Participant: 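Below is one structure. I have some questions about it.
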2 protein chains.
Amino acid sequence: MAKAKTPHRTGYHHGNLRDTLIDAAIQLVEEGGPDNVSVREAAKRAGVSPGAPFRHFQSKTALLTAVAEQAMNRLTEAVANALSEVDSADPIVAFEAIGQGYLEWAIGNPTHFQIISSRTLIDFDASDSLRGQNEAIRRKMIDLLTQAQRQGQLAANADFDHLVLAARAFVYGLARMVVDGHFPEWHPSEPPSLAVRKALHLFISGMTNLSEARSQEPLPPLSSGRLDRNGQFT
Amino acid sequence: MAKAKTPHRTGYHHGNLRDTLIDAAIQLVEEGGPDNVSVREAAKRAGVSPGAPFRHFQSKTALLTAVAEQAMNRLTEAVANALSEVDSADPIVAFEAIGQGYLEWAIGNPTHFQIISSRTLIDFDASDSLRGQNEAIRRKMIDLLTQAQRQGQLAANADFDHLVLAARAFVYGLARMVVDGHFPEWHPSEPPSLAVRKALHLFISGMTNLSEARSQEPLPPLSSGRLDRNGQFT
DNA sequence: TCCCATTTGTAATCACTGCTTACATCCCCT
DNA sequence: AGGGGATGTAAGCAGTGATTACAAATGGGA
């Protein structure tokens with residue numbers, strides 16, 4: 001946990017308000033999702049006036065960004081943990097483990113997942129930490145695919161950029177479906193944690209068996225009509 | 001558009017406030033996303049007092065649900081349109097077209113996509129229309145996969161449930177990545193509309209070339225440690 | 001040791017939100 | 001013609017993020 005070493009409130013001054021506010025915000029997030037966080041309530045829980053937090057955070061967004069950074073640390077940790085438990089030299093197995101670790105964390109921490117995935121609740125671009133950890137995961141994925149290619153598990157002309165994009169989109173989509181509550185409509189018959197593992201395994205299987213022939217076929221044309229901003233074809 | 005046939009305001013009564021409010025809400029959504037919608041502002045634009053909308057919508061959620069129903073109509077239309085333009089008997093081509101139509105609509109109408117995908121802004125379960133149209137698309141996907149199987153394009157023991165789940169997750173994930181603004185981090189080199197098409201094609205290729213052997217391998221084990229609600233392994 | 005600038009808190013206030021209640025007005029049906 | 005139900009208004013509640021002027025505590029230099 002975000003150890004807030006509070007040196008006892010001395011009366012007027014709090015002592016460690018910044019960290020205490022982050023902890024309060026985390027608590028609020030866990031109780032009722034990102035929308036349950038209000039600066040006032042965080043201040044109240046820290047035993048402080050409603051205006052005090054703004055000495056430490058320029059805005060509510062800044063507070064939630066601090067929460068996101070902690071959440072991202074834990075996600076990175078979970079992924080690293082999943083990787084370290086792989087007892088195989090097969091890079092594809094490791095690749096799948098990343099996805100599995102990501103999904104387990106997202107499903108186990110849905111509200112934190114929502115926060116790090118949002119670009120309206122937090123200021124992602126302003127955080128070196130958030131951008132850096134995200135990029136680290138992406139690099140690891142590319143590394144593993146490169147290894148797989150060297151070992152002949154991927155076609156020599158495999159399209160890494162789109163492969164990584166596809167893998168990320170797939171895992172992100174699964175996580176969001178669970179978190180957004182879309183599972184009842186799309187897969188009611190099984191607990192999400194299990195269905196997600198099976199789907200992931202299916203995806204990895206498909207990825208490694210891409211025949212060069214079909215994947216090199218020309219793309220189907222765009223729909224002839226263009227979409228206007230109301231979704232109508234014109 | 002949601003033709004609000006307004007029979008002239010007679011002075012006190014509005015005449016067609018319900019539809020007018022929906023239109024105003026749509027306008028607000030298009031201007032600044034779902035968060036830009038406020039009941040008061042919709043009322044103001046309809047030229048009516050702040051309390052009036054509550055005669056027609058029990059809550060803000062109910063108003064947004066009405067917006068979602070209109071958006072869903074257009075999504076269904078876009079998908080149907082994409083399907084009708086397929087000039088091939090290959091069910092896999094049609095399957096890809098559904099994904100392509102979905103993605104084009106989502107990218108072209110990001111805020112409407114956000115609304116129909118949310119389960120907090122709207123009351124999805126309470127709307128027969130929303131549930132029905134969603135289910136119709138899912139059925140169509142299963143139909144096409146069934147045809148593909150009959151024609152030998154999918155393994156005889158193909159796992160339809162998880163295949164449809166995977167396809168849906170993949171397309172949903174791509175759409176959300178675009179809409180949520182994750183593309184700069186994951187695929188900065190290309191316009192999303194193009195990258196998305198390529199990734200989709202890659203996914204479809206992988207799906208149809210699933211070797212039975214690998215996809216029937218046992219699942220890798222769950223991470224040995226369990227995740228607590230803070231994302232820590234215990 | 002004292003002093004004062006800096007840091008960190010308070011109090012009051014603003015504009016905005018969703019929503020409710022009591023009351024006014026108008027339309028339509030008998 | 002008139003009354004009942006539908007639809008609007010006015011006023012107001014509690015809660016929000018954020019800003020401002022002011023007060024208190026802290027700690028480093030003389």
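Here is the naming used below: chain letters follow the sequence lines, and residue numbers restart at 1 for every chain. It should be emphasised that the depicted structure is a prediction, and the values quoted were computed from it without experimental measurement.
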Participant: Determine: side-chain N/O of A:His56 to OP1/OP2 of C:dG9, distance under 4.0 Å, yes or no.
Facilitator: yes
Participant: Answer yes or no: does a side-chain N or O of A:Ser49 lie under 4.0 Å from OP1 or OP2 of C:dA11?
Facilitator: no
Participant: Taking CG from A:Leu28 and P from D:dG17, how many angstroms apart are they, rounded to a whole number?
Facilitator: 10 Å
Participant: In whole angstrom, what separates B:Asn36's CG from C:dG18's P?
Facilitator: 11 Å
Participant: What nucleotide among C:dT17, D:dT9, C:dG9 has an atom nearest to a side-chain atom of B:Ser38?
Facilitator: C:dT17
Participant: Whole-Å distance between C:dG9 P and A:Leu21 CG?
Facilitator: 8 Å
Participant: Could you state the CD-C1' distance from A:Glu41 to D:dG17, rounded to the nearest angstrom?
Facilitator: 15 Å
Participant: Decide if the gap between the ring center of A:Phe170 and the ring center of B:Phe170 is smaller than 6.0 angstrom.
Facilitator: no
Participant: Just to verify, what does A:Pro192 make a side-chain contact (heavy atoms from CB on, under 4.5 Å) with, not counting sequence neighbours?
Facilitator: A:Val178, A:Phe183
Participant: Could you state the atom-to-atom distance from CZ of A:Arg18 to C1' of C:dG9 in whole Å?
Facilitator: 17 Å
Participant: Scan nucleotides 19-21 of chain C against the protein and return all N/O pairs shorter than 3.5 Å with their distances rounded to 0.1 Å.
Facilitator:
residue: C:dC19; atom: OP2; partner: B:Lys60; partner atom: N; Å: 2.7
residue: C:dC19; atom: N4; partner: B:Arg40; partner atom: NH1; Å: 3.2

Participant: Roughly, in whole Å, what's the span from CG in B:Asn16 to C1' in D:dA6?
Facilitator: 14 Å
Participant: Donor-acceptor pair, distance only, cut-off 3.5 Å: does the side chain of A:Ser118 make one with the backbone of A:Gln114?
Facilitator: no
Participant: Please report the distance, rounded to the nearest Å, between CG in A:Asp35 and P in D:dG17.
Facilitator: 11 Å
Participant: Surrounding CD of A:Gln58 (heavy atoms of other residues, nucleotides or ligands, distance under 6.0 Å), is the total greater than 12?
Facilitator: no
Participant: List the steps, then state whether ring pair (Phe, Tyr, Trp, His ring centres under 6.0 Å) holds for B:His201 with A:His162.
Facilitator: CA-CA 10 Å; B:His201 198 60; A:His162 294 100; over 10 Å; no
Participant: Measure the spacing between OG of B:Ser129 and CD of B:Gln70 and express it to the nearest 0.5 Å.
Facilitator: 10.0 Å
